Amino acid sequence: MRFPLQSVGFLVFAVVMLVVVPLVINVLGRNEYYYTLTLISLLAVASAGVWITFYIGRINIGQAAYALIGGYTSAVLVTAYGWPFWWTIPAAGLFAALVSMLIGLPILRLRGVYFAMVTLVSTEVARLAALALPITNGAKGMVSLPLPGPIAIGPLTLVPDFATMDNPRPAFYILAVIIMLLAFAGVWRLVHSRIGKLFVALQQNEELASSTGVNIAGLRVIAYAISSFLGGVAGAVFSAVSQSVYPSSFTTADSINFMLNCFLGGLGYVFGPIVGTFVLRFGWDLLFQTEQWQLLIYSAVLIGLMLVLPNGILSLFGMRPSRPGAR
């Protein structure tokens, strides 16, 4: 049986992230890399949501709003209602998806820059709401969040209590990587399903798709809800990793970076956001030594890469795009 190149590459990537990377970090004794890679994995999950909206032909610059909603949802459920953290992960994603559906019904009729500007405003609206609502503790944020507890089935403990660990960073890293792998496997399956083919029809010509009986309004809302679900899940896990969440935890700059991750990795590839997130994050850190020139060099390199590689970094490997006509 022959396996697609992308599937083989994904399996190799999973083995490297779950087995090789922890071994290398332990040998080097650089435990701080666990936090960096955990953050990158969560940013990749949120970026995958943005990629889905690109897949239907919409420019989404508001993913940070749903990551913030997810972070606060998890924090509130854990502290105010005593929910186990593990239950709050899907709950945060579902609540973010519900909010996006209410917002998406009117704004998804917009196209191009008009839709992008409305989503850009949504991030600021979410931040102001977090500042104003009493349950979010305003500008003080929500701090000292408890670490995730154990997962047990009867006498069998599947996941130990994070609070009992000497260093929970490796456990958070494994959690973030597993969520990232599941998210991208789900997106890949979605793209290759019947709904994924309908999404391509929306991206190419909505009027033609509508004339053939496709419910384009419903499909747009579904895509936006899935996108926001991923943002909410990433925000929920981030709040647990940092044990805090503030109105400034996710800002407009983060929304723009989520979009750049997709551009740099390649809008035509499901796994483009992973590549873009890793390159952007480590590229920014490598330029730290340039001090006041860091942002200038960073921006110039990004512009150069987009001019030289309009189809993203993955186009260098001759991979087949996940959507027809990808540019």
Side-chain angles (χ1 to χ4, degrees), residues 9 13 17 33 35-68 112-113 115-124 176 180 183-184 187 203 227 230-231 234-235 238 248-319 321-323 325-327:
F13 175 74
M17 294 297 292
Y33 285 144
Y35 178 79
T36 301
L37 291 172
T38 299
L39 181 61
I40 290 175
S41 300
L42 297 177
L43 294 177
V45 172
S47 299
V50 176
W51 186 89
I52 291 175
T53 55
F54 275 118
Y55 197 71
I56 65 169
R58 294 293 189 274
I59 302 173
N60 182 3
I61 322 179
Q63 186 73 329
Y66 301 106
L68 190 63
V113 67
F115 176 80
M117 292 305 296
V118 173
T119 58
L120 182 63
V121 171
S122 66
T123 301
E124 187 65 13
M180 177 182 66
F184 278 91
V187 172
Q203 188 263 340
S227 168
L230 294 176
F238 174 82
S248 59
S249 292
F250 293 96
T251 63
T252 301
D254 294 304
S255 290
I256 295 173
N257 286 332
F258 294 146
M259 184 176 61
L260 288 176
N261 294 338
C262 300
F263 281 134
L264 186 59
L267 289 180
Y269 306 93
V270 171
F271 305 116
I274 293 181
V275 176
T277 304
F278 273 81
V279 171
L280 281 180
R281 180 68 185 187
F282 281 115
W284 176 259
D285 290 343
L286 288 174
L287 291 173
F288 181 76
Q289 300 298 328
T290 59
E291 298 180 355
Q292 70 268 26
W293 301 101
Q294 183 182 21
L295 184 58
L296 178 61
I297 297 174
Y298 177 79
S299 303
V301 171
L302 278 183
I303 294 172
L305 284 174
M306 290 182 183
L307 290 174
V308 176
L309 298 172
N311 292 330
I313 293 175
L314 287 179
S315 63
L316 286 172
F317 302 97
M319 297 179 64
S322 300
R323 63 178 182 182
R327 286 179 172 84

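None of these values were measured; they are calculated from a predicted model. The first residue in the sequence is number 1, and the count goes up from there.
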To the nearest 0.5 Å, tell me how far Thr252 OG1 sits from Asn257 CG.
-> 11.0 Å
Would you mind reporting whether Gln63 and Phe250 have side-chain heavy atoms less than 4.5 Å apart?
-> no
Nearest 0.5 Å, what's the CG-CH2 distance between Leu267 and Trp51?
-> 8.5 Å
For the student: nearest non-hydrogen atoms of Ser47 and Cys262, plus distance | O-SG, 3.3 Å
Walk me through it: do Val270 and Tyr55 pass the test side chain to side chain contact (heavy atoms under 4.5 Å, CB included)?
-> CA-CA 9 Å; Val270 171; Tyr55 197 71; over 6 Å; no
Around atom CE of Met117, are there more than 12 heavy atoms of other residues, nucleotides or ligands at under 6.0 Å?
-> no
Does one side chain, of Ser255 or Thr123, offer a donor that lies under 3.5 Å from an acceptor on the other?
-> yes
Of all heavy-atom pairs linking Thr251 and Ala64, the shortest is O-CB, 3.2 Å
May I ask you to test the Ser315-Leu309 pair for a side-chain heavy-atom distance under 4.5 Å?
-> yes
In a check of side-chain contact (heavy atoms from CB on, under 4.5 Å) between Leu39 and each of Leu43, Thr36, Leu37, which one passes?
-> Leu43
Give, for atom CD1 of Ile52 and atom CG of Leu230, the distance between the pair rounded to the nearest 0.5 Å.
-> 5.0 Å
Check: Val275 and Tyr269 side chains under 4.5 Å, non-hydrogen atoms | no
Quick one: are Phe282 and Ile40 in side-chain contact, heavy atoms under 4.5 Å?
-> yes
Please work out which of the three classes, parallel, tilted or perpendicular, describes the rings of Phe13 and Phe278, given edges at 30° and 60°.
-> perpendicular
d(Phe115 CZ, Asn60 CG) to nearest 0.5 Å is 5.5 Å
Check: Met306 and Leu260 side chains under 4.5 Å, non-hydrogen atoms | yes
With side chains defined as the heavy atoms from C-beta onward, is the minimum distance between Phe184 and Pro273 less than 4.5 Å?
-> yes
Side-chain heavy atoms of Ile59 within contact of Val113, under 4.5 Å = no
Minimum-distance pair of heavy atoms, taken over all atoms of Ser122 and Gly62 | OG-CA, 3.8 Å
Smallest separation among heavy atoms of Pro310 and Leu307, with atom names | CD-O, 3.8 Å
What heavy-atom pair brings Met259 and Val50 nearest, and what distance separates the two atoms?
-> CA-CG1, 4.1 Å
CG on Leu302 to CD1 on Ile297, rounded to 0.5 Å = 12.0 Å
